[in-house]
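The block underneath contains the structure these notes are about, expressed in structure tokens.
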Amino acid sequence: MGTALLYDEEMTKYKLLWVDPACKIEVPERLTVSYEALVRSGLSDRCISVPAREASDSEILLVHSEAYLEAVKKTPYMTLEDLKEFTLQFGDVYFHPNIYHCAKLASGSALQLVDSVMTGKVRNGIALVRPPGHHSMHGAANGFCVFNNVAIAARYAKQKYGVKRVLIVDWDIHHGQGVQYCFEDDPSVLYFSWHRYEHQNFWPNLRESDYDSVGKESGTGFNVNVPWNKVGMENSDYLSVFCHVLLPVAYEFCPDLVLVCAGFDSAIGDPEGEMCATPDIFAHLTHLLMNLAGGKLCAVLEGGYNLTSLAQSVCQTVQTLLGDPLPQLANLRGPCKSAIESLQCARSAHRRYWSFLKHAADPPMTDISTKHIKSTMEEEEKREMAEEERCTEGKVWPEPPERLCPPVCSGSVLPDDVACPDGLKRLSSSKDLEPLLVSKLKNRSRTAAVDGDGVTTFSRLYTLIEKLVANEIRNGLVLVPDVTAAMCVVQDLTSDLVKRVLVVCVGKEKELDYVTTDGKVLVVQISSEDNEEQRSKYYIPVCLKKGCSDTSGFIQAVFGLLLPLGYEYNPDLVLLVRMPGSGVVDSMWQQLIGLLQGFAKGHTLVLMQVNEKASMGSTASALLGHPAPPLQELQTPFPEDGDALERLRERLQADWKMLQTTS
Ligand SMILES: CC(O)(O)NCCCCNCCCN
Ligand SMILES: [Zn+2]
């Protein structure tokens with residue numbers, strides 16, 4: 001299924017008609033540069049174009065008051081003076097004779113997107129709209145917003161399609177207070193927002209934008225705010241918050257639909273955000289949400305005022321919605337101190353509402369002596385200033401790397417008597433291995449254990465790995481008689497082909513005899529084994545008391561440990577090994593494959609044992625990019641597992657900065 005793209009140039013036909021410094025950045029060109037970038041890159045042709053439409057009165061009244069709607073209805077007939085007068089009652093917003101029409105188109109576009117996704121016409125999509133929506137409230141326009149496009153879409157989805165749970169992710173750099181007010185007492189809509197806050201010194205300067213606004217009444221726990229108290233936040237900060245706050249909660253919430261308030265003023269170069277995250281971060285943020293709700297994701301444009309980073313960020317988002325390989329994110333060095341504090345505050349504010357956050361630490365000691373704060377602040381300010389110079393002064397960043405789609409998506413190496421799953425390309429032809437390699441394999445005591453001469457399988461495997469590295473194939477599935485033997489051989493085969501291999505080992509096995517210490521391999525093993533004594537920087541055993549069949553524990557290990565580690569390690573190949581008898585649940589297995597595609601440009605090699613070929617179909621489906629089925633009701637992870645994971649993280653965070661969640 002495809003990706004919907006909604007755009008109508010009518011929404012470019014309104015602009016600021018008088019002098020107002022607060023509003024001058026909200027220009028029609030925001031839409032035209034975004035759309036033209038999609039056209040120029042060929043991405044728009046790959047999308048399914050869906051027409052915009054005007055939202056009806058009743059749809060607008062799902063969120064707004066009749067009085068407000070009636071007032072806005074009058075604006076097309078107002079004189080310039082009347083428009084100015086009318087605007088004065090609201091904050092940081094302007095009106096125009098055509099803005100009511102455009103606001104109906106913007107909301108209607110979001111509804112068209114919901115229709116396209118909910119009827120299965122498309123898998124996901126994006127609506128390029130203006131005016132934006134997330135600041136507008138029941139009875140007021142605000143922050144360039146007239147109607148709350150995403151809030152209306154959420155109510156519409158529930159009413160028309162009986163959607164039970166809607167997740168709204170707001171990655172715009174401003175707090176969508178309009179959305180928060182709309183759903184703060186509603187447990188069926190989980191609103192997540194990060195936003196520049198600077199201890200309430202940044203617009204809209206609201207006390208209720210802080211992390212302790214967790215929702216109210218029956219909606220308590222369903223509002224998650226992550227305030228950024230400093231500018232200059234980078235990719236690491238954003239990914240840390242996704243891994244350690246949003247994703248565990250989102251997976252526990254198990255939404256039927258994901259709506260994104262896709263504001264790109266959180267990208268580098270934006271005058272409002274003054275952050276340093278690069279446009280390719282949105283490829284990953286989008287990807288990390290795409291296995292929720294069976295892939296049903298609707299992104300609606302909010303802010304974004306640097307026309308260069310806006311256009312790049314929109315392209316990165318659309319390319320991921322289309323299923324293209326993700327760009328590798330280099331040198332992620334972990335969240336900064338301020339981000340860790342925000343993260344820790346948000347986690348501790350929500351630990352009583354979300355079982356995945358139950359073991360979160362206490363909030364940071366913010367009441368330390370003012371003297372200490374003063375000195376820390378001074379030295380911290382100096383460092384931040386240096387950082388800001390580095391980041392905003394230049395306002396230059398590299399063009400996001402090209403994300404080429406390999407000609408073949410998934411290859412397979414299978415025993416001759418095993419049928420190849422649909423969609424996979426079987427590698428049969430295999431060039432002869434170099435004699436040196438053959439002897440190396442031969443002297444590996446266990447190679448012969450793999451099959452007859454073993455060399456046939458491994459020459460095919462070698463060919464597959466070569467094609468992955470050459471980006472001729474994106475990922476692969478390998479079925480062997482003995483995965484343990486095969487693991488070692490893959491290690492030999494890859495050692496001179498790739499710099500870093502992330503090995504994810506699901507389930508326990510006799511012994512891992514090739515744990516390297518040179519960093520060329522990072523092994524994360526999730527099993528019921530407690531191999532604590534063997535742990536090292538590059539061999540990380542995660543013990544789940546009830547083993548891999550405990551999906552709650554598994555998913556907690558994936559978000560709390562595996563993903564942050566993977567981002568920091570930045571592998572060139574991911575080897576996912578499914579040990580026989582691991583007990584991993586198929587939907588979890590597919591989620592894991594989907595999530596791991598975010599690394600190494602999607603070069604994932606799945607190694608399974610022949611006697612597990614019953615799972616080949618679901619494995620192939622995940623490798624081909626089909627969204628994983630939602631995980632069923634997740635019960636609370638076992639306390640000992642939660643504790644163990646926190647302790648493991650604390651011990652590892654000296655070596656792995658992306659694991660930090662406490663200051
Ligand atoms: C959709 C949105 O979230 O991007 N709207 C942002 C509104 C910002 C209002 N303040 C502007 C002050 C000018 N420096
Ligand atoms: Zn914004």
Side-chain angles (χ1 to χ4, degrees), residues 11 14-16 18-31 33-34 63 87-95 99 102-103 106-107 109-110 126-137 140-153 168-182 191-198 200-206 208-209 225-228 231 233 238 259-275 277 279 281-282 285 299-307 309-311 313-314 317 392:
M11 286 181 272
Y14 77 91
K15 62 183 181 181
L16 182 57
W18 50 81
V19 175
D20 177 355
C23 296
K24 71 178 192 301
I25 52 175
E26 207 296 304
V27 296
E29 290 72 21
R30 296 179 53 237
L31 231 38
V33 301
S34 301
V63 166
T87 296
L88 287 179
Q89 65 188 306
F90 306 117
D92 287 51
V93 62
Y94 64 87
F95 277 82
I99 199 169
C102 295
S107 297
S109 297
I126 186 166
L128 297 179
V129 303
R130 59 187 284 274
H134 69 155
H135 297 299
S136 60
M137 292 159 269
N142 180 266
F144 313 150
C145 307
V146 176
F147 297 141
N148 202 314
N149 309 319
V150 169
I152 293 169
I168 299 177
V169 176
D170 189 336
W171 67 46
D172 185 290
I173 205 58
H174 298 94
H175 180 221
Q177 84 280 29
V179 183
Q180 172 167 310
Y181 299 152
C182 200
Y191 178 58
F192 167 90
S193 172
W194 61 37
H195 31 271
R196 183 176 172 182
Y197 190 59
E198 292 174 304
Q200 204 175 336
N201 291 314
F202 186 72
W203 188 92
N205 311 88
L206 299 171
E208 61 268 31
S209 302
N225 285 337
V226 178
W228 299 122
V231 293
M233 292 300 167
Y238 288 7
L259 304 180
V260 179
C261 288
F264 297 105
D265 43 17
S266 38
I268 190 167
D270 192 279
E272 281 292 300
E274 294 187 78
M275 297 298 171
I281 194 62
F282 296 103
L285 301 184
V300 182
L301 181 67
E302 294 282 356
Y305 307 99
N306 176 309
L307 302 184
S309 67
L310 169 62
S313 303
V314 165
T317 303
T392 46

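Atoms considered below: every heavy atom in the structure, side chains included; atoms not considered: hydrogens, waters and symmetry mates. Here the structure is a predicted model, which is why all the values come from computation and not from measurement. Counting starts at 1 for both ligands and their atoms, in listed order.
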Should [X] be counted as touching ligand 1, given the test is an N or O pair under 3.5 Å?
X      : answer
His134 : yes
Asp265 : yes
Pro21  : no

- Nearest non-hydrogen partners of Glu302 and Asp172, listed with the distance: CB-OD2, 3.4 Å

- Do you know the tightest heavy-atom contact between Tyr94 and Leu16?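 The pair with the smallest heavy-atom distance is CE1-N, 3.4 Å.
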
- Would you mind listing which atoms of ligand 1 come within a distance below 4.0 Å of any non-hydrogen atom of Pro132? 1 (C)

- Message: If the cut-off is 4.0 Å to any non-hydrogen atom of Asp92, which atoms of ligand 1 fall inside it?
- Response: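 So the answer, numbered in order with elements, is 9 (C), 10 (N), 11 (C), 12 (C).
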
Looking at [atom], what's its closest protein heavy atom, distance included?
atom                    : value
atom 2 (C) of ligand 1  : Tyr305 OH, 3.2 Å
atom 5 (N) of ligand 1  : Gly143 O, 3.1 Å
atom 13 (C) of ligand 1 : Glu272 OE2, 3.2 Å

- Task: Go through the side-chain N and O atoms of Ser136 and Asn142 and say whether any donor and acceptor fall under 3.5 Å apart.
- Result: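 Distance-only check fails for Ser136 and Asn142.
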
Hey, does [Y] have a side-chain heavy atom less than 4.5 Å from the side chain of [X]?
X      : Y      : result
His135 : Trp203 : yes
Val314 : Phe282 : no
Val300 : Leu259 : no

- Task: Give a yes or no on whether Asp172 keeps an N, O or S atom under 2.8 Å from the Zn ion (ligand 2).
- Result: yes

- Look at the N, O or S atoms of His134, main chain and side chain alike, and state whether any lies under 2.8 Å from the Zn ion (ligand 2).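 It does not; every qualifying atom lies at 2.8 Å or beyond.
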
- Opening angle between OD2 in Asp265 and ND1 in His174, taken at the Zn ion (ligand 2), to 10 degrees: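 OD2 of Asp265, the Zn ion (ligand 2) and ND1 of His174 span an angle of about 100°.
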
- Query: What residue among His175, Glu274, Arg196 forms side chain to side chain contact (heavy atoms under 4.5 Å, CB included) with Phe202?
  - Reply: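 Of His175, Glu274, Arg196, side chain to side chain contact (heavy atoms under 4.5 Å, CB included) with Phe202 is met by Arg196 alone.
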
- May I ask you to check whether Tyr238 and Trp194 place their ring centers less than 6.0 Å from one another? yes

- Message: Taking a cutoff of less than 4.0 Å between a non-hydrogen atom of the residue and any ligand atom, is Ala22 in contact with ligand 1?
- Response: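 Yes.
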
